[in-house]
Amino acid sequence: SRGGIGVGGAPEHAFRTGTGRATAGCPDAHTASHERGAQIVFEPRAGGRIYERTAAGEEIEWGSVTEWDPPRRLRYEWHIATDLADATEVEIVFRELDPSKTRVEIEHRGWERLGDEKGRTWRTVNHGGWTGVLPVYIEACTGQAA
């Protein structure tokens with residue numbers, strides 16, 4: 001799946017909001033625990049973990065960073081709610097449109113490795129996830145840029 005959105009702020013702001021402030025861009029319903037107050041953590045380096053920390057301190061693995069190049073590019077393996085062997089890849093590119101606006105291009109790929117039926121099912125589930133998360137991320141970028 002490939003798509004792009006426009007957000008408020010420079011690429012540095014969009015990258016920082018999507019990674020350092022990921023909790024602000026993720027509704028409770030889109031966390032693995034579905035708990036209010038869960039935090040999403042991106043360890044800021046290639047090889048870093050992406051995980052959710054619940055209010056009780058439980059850590060739930062979501063994926064791992066494969067490329068950390070702020071403010072231009074972020075790539076990671078994504079295996080939330082599935083086996084590590086079934087990880088897909090997300091690549092996000094941040095392009096400055098003007099000093100106050102960034103185009104965020106997202107490609108989520110690797111579905112074919114899961115086989116026809118499972119790949120189709122997980123792609124549909126993840127598409128729904130992006131549909132729910134992106135409006136909240138756009139609002140978080142705009143609110144913090146103001």
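All values below come from the heavy atoms of this structure, side chains included, with hydrogens, waters and symmetry mates left out.
A search for salt bridge (Lys or Arg N to Asp or Glu O under 4.0 Å) contacts involving Glu58 returns nothing, not counting sequence neighbours. Shown here are the salt bridge (Lys or Arg N to Asp or Glu O under 4.0 Å) partners of Glu12, two or more places apart in sequence or in another chain: there are none. For Thr102, there are no side chain to side chain donor-acceptor pair (under 3.5 Å) partners at least two apart in sequence or on another chain. Considering only residues two or more places apart in sequence or on other chains, Pro70 meets the side chain to side chain contact (heavy atoms under 4.5 Å, CB included) condition with Phe15, Trp68. Qualifying side chain to side chain contact (heavy atoms under 4.5 Å, CB included) partners for Val125, counting only residues two or more places apart in sequence or in other chains: Trp122. Tyr51 meets the ring pair (Phe, Tyr, Trp, His ring centres under 6.0 Å) test with no other residue; sequence neighbours excluded. For the salt bridge (Lys or Arg N to Asp or Glu O under 4.0 Å) test, residues two or more places apart in sequence or in another chain that qualify with Arg53 are Glu59.
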Decide yes or no on side-chain contact (heavy atoms from CB on, under 4.5 Å) for Ile106 and Leu134, but give the supporting numbers first. CA-CA 11 Å; Ile106 301 164; Leu134 290 176; 3.7 Å; yes
For Asn126 and Trp111, run side chain to side chain donor-acceptor pair (under 3.5 Å): C-alpha distance rounded to whole Å, both residues' side-chain angles, the deciding distance at 0.1 Å, then the answer. CA-CA 10 Å; Asn126 277 272; Trp111 307 108; over 6 Å; no
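In this structure, OG on Ser100 lies 10.5 Å from NE2 on His13, to the nearest 0.5 angstrom. Annotation: the span from Glu89 atom CD to Trp78 atom CH2 amounts to 13.5 Å, rounded to 0.5 Å. Rounded to the nearest 0.5 angstrom, Arg73 CZ and Glu105 CD are separated by 9.5 Å. Atom CD in Glu107 sits 11.5 Å away from atom OG1 in Thr88 (nearest 0.5 Å).
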Donor-acceptor contacts, no H, no angles, side chain residues 60-67, under 3.5 Å, sequence neighbours left out:
unit_1: Glu61; atom_1: OE2; unit_2: Arg49; atom_2: NH1; d: 2.5
unit_1: Trp62; atom_1: NE1; unit_2: Glu52; atom_2: OE1; d: 3.1
unit_1: Thr66; atom_1: OG1; unit_2: Arg75; atom_2: O; d: 3.2
unit_1: Glu67; atom_1: OE1; unit_2: Arg75; atom_2: NE; d: 3.0

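Side chains of Trp130 and His108: a donor on one and an acceptor on the other come within 3.5 Å.
By the rule that hydrophobic residues join a cluster once side-chain heavy atoms approach within less than 4.5 Å of another member, Ile5 and Val93 end up as members of separate clusters. Tracing side-chain contacts under 4.5 Å through hydrophobic residues (I, L, V, M, F, W, Y), one reaches Ile50 starting from Ile80; they form part of the same cluster.
Between the side chain of Tyr137 and the backbone N or O of Ala14 there is at least one donor-acceptor pair closer than 3.5 Å.
Classification of Asp69 and Arg72 as a salt-bridged pair holds, one side-chain N sitting under 4.0 Å from a carboxylate O.
Residue pairs meeting the salt bridge (Lys or Arg N to Asp or Glu O under 4.0 Å) criterion with at least one member in residues 111-122, sequence neighbours excluded, are Asp86-Lys118.
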